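Let me begin by presenting the structure, written as structure tokens, before commenting on it.
Just so you know, these numbers come straight off a predicted model, no measurement behind them.
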Amino acid sequence: MTIDWQRVHEQFPINRRLTWLNNCGISAMPGPVLARLQAHLQAMAEGGVTGVPSEVAVHDSARARLSRLIGADQDELTLIHHTAEGLTFISHGLDLAPGDRLVLMEHEYPSNVYPWQHWQDRGVQLVFAPLADTPEQFLAGLRPLLQPPTRVVSLSAVHWCTGLPLPLVEIGKLCAERDVLLVVDGAQGVGLVDIDVRAAGIGAMAFSAWKWLLGPIGLGAMYLRRDLIDRLRFPFKGTGSVIDDHNHLPYRDALKPGADRYVLSTPNYNDWVHFDASLEYLEGLGFAAVRGRIRTLAARLSDLLRAAGWSLASDAFPAQANGIVAAARQGLDAPKLVTRLQQHGVVGAARLGRLRLSPHVYISEEQLDRAASLIVAQAA
Ligand SMILES: Cc1ncc(COP(=O)(O)O)c(C=O)c1O
């Protein structure tokens, strides 16, 4: 199927005002998603929850779409609020002992650091694998850390500052050989790079909806491999955790068998509808086509900046370059440049001294060309 990317561009209201190049921060809403949400809210206003699909139906629909995307079973997925929440559920459910080691990554986003820190109070060592320039270098730095007493490794699929994609399949193999649990922060990965949880031997993953998945702010998802759902301690119990939860009395103890036990009580249902609509939209385009389009746009932007003398973090890993363009030049004041660009309607971010730009499918070639000229002029 050929996709009319110009039509996609026209479907996004944000393009009327801005050139939004911060999709790995917070992305923009597609017009068809806006239309579905408007219709949903109208139906809610007129008929309350009787006029709209049930919570369970919407949850199942979104989980089914996510399961196809990451190669999990639907029951191994649940909607949550954000990455930090998912990693908190996972971290507090583990059974580690004093002397065990937990491996994270240097300069990791806090949502994949803070939820693990409580283990330090219980004698577990937190170690940070060095941030590398290439996936191979990262693997070489990680390998020695995977020896006993390491029990858990929790890593981002893609680094939020440089766009470095981690070689998850290779990491998963090393972890499986050493009986180490691989946990993934998928916030920058899901939707941007191809992640198959089985192929990569991922035990658990949490991610946010509002980045590459074009979903609502404050919603996310968590994947727990079947055996982990039963193995993780579940020190929480809410109305929604037990089977047949819509019948409130008599109280009961039997937990839902799937990951949906983590929806502790009444969910933010409208956001579920929003997320389901975003996933439907992306599925309609095809996730492979989406990833390809993002890469094509990012490559164009990278070429333009490189031609103007900028260096790119992805120059160290050209074969795996993705949608995060982390660019620098001599003397760059990245925060100042971001402010100036925004004054001209171009939205990016500053990370680790670089200008970070992340186009999504709806950005046009013309927008990129104009943005690149503006960047070069404003950084001078
Ligand atoms: C690697 C990574 N993890 C997580 C997040 C978001 O965290 P949360 O979903 O807890 O808000 C981000 C946001 O930039 C991120 O880059």
Flag the pair [X] / [Y] as yes when at least one side-chain heavy-atom distance between them is below 4.5 Å, and no otherwise.
X	Y	result
Ile171	Leu142	yes
Glu136	Pro167	no
Leu94	Arg231	no
Val197	Arg225	no
Leu355	Ile375	yes
Asp60	Gln74	yes
Arg293	Ile3	no
Leu126	Gln117	yes

Can you check whether [Y]'s main-chain N or O pairs, donor with acceptor, with [X]'s side chain at less than 3.5 Å?
X	Y	answer
Arg261	Ile229	yes
Glu106	Leu131	yes
His9	Ile363	no
Ser208	Trp210	no
Ser278	Leu214	yes
Thr19	Asn15	no
Thr150	Leu145	yes
Asp179	Ala176	no
Asn268	Asp271	no

Verdict with supporting geometry, Leu332 and Trp310, side-chain contact (heavy atoms from CB on, under 4.5 Å): CA-CA 10 Å; Leu332 174 69; Trp310 290 58; 3.8 Å; yes
Are a donor atom and an acceptor atom from the side chains of [X] and [Y] found within less than 3.5 Å of each other?
X	Y	result
Asp276	Ser61	yes
Gln38	Gln42	no
Asn322	Arg291	no
Gln125	Asp100	no
Trp119	Ser91	yes
Thr78	Asp260	no
Glu85	Tyr262	no

So does [X] pair up with [Y], basic N to acidic O under 4.0 Å?
X	Y	result
Arg63	Glu76	no
Arg306	Asp303	yes
Arg252	Asp245	no

If I compare all heavy atoms of [X] with all of [Y], which pair ends up nearest, and what's the gap?
X	Y	answer
Leu182	Gly201	CB-O, 3.9 Å
Ile80	Leu219	O-CD1, 3.3 Å
Ser27	Trp20	CA-NE1, 4.1 Å
Asp73	Ser67	C-CB, 3.9 Å

Angle between ring planes, His118 versus His92, binned at 30° and 60°: parallel, tilted or perpendicular? parallel
Quick one: sort the His59 and Trp272 rings into parallel, tilted or perpendicular, breaks at 30° and 60°.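 Correct class here is parallel.
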Would you give the length of the straight line joining atom CD of Gln147 to atom CG of Leu174, rounded to the nearest 0.5 angstrom?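 Rounded to the nearest 0.5 Å, the CD-CG separation comes to 9.5 Å.
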I'd like to know whether the aromatic ring centres of Phe234 and Phe89 sit less than 6.0 Å apart in this structure. no
In this structure, are over 12 heavy atoms from other groups packed under 6.0 Å from Gln330 atom CD? no
Should the heavy atoms of other residues, nucleotides or ligands under 6.0 Å from CZ of Arg122 be counted, would the total exceed 12? yes
Mind running side-chain contact (heavy atoms from CB on, under 4.5 Å) on Cys161 and His107 for me, showing each step along the way? CA-CA 9 Å; Cys161 301; His107 291 315; 5.7 Å; no
Intermediate values then yes/no, side-chain contact (heavy atoms from CB on, under 4.5 Å), Phe317 and Asp133: CA-CA 8 Å; Phe317 50 92; Asp133 291 334; over 6 Å; no
Going by the side-chain contact (heavy atoms from CB on, under 4.5 Å) test, name the single residue among Val52, Val273, Asn270 that passes it with Leu41.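 When side-chain contact (heavy atoms from CB on, under 4.5 Å) is applied between Leu41 and each of Val52, Val273, Asn270, only Asn270 qualifies.
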By the definition side-chain contact (heavy atoms from CB on, under 4.5 Å), identify the one residue from Leu66, Val58, Val33 that meets it with Phe275.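 Among Leu66, Val58, Val33, the one meeting side-chain contact (heavy atoms from CB on, under 4.5 Å) with Phe275 is Leu66.
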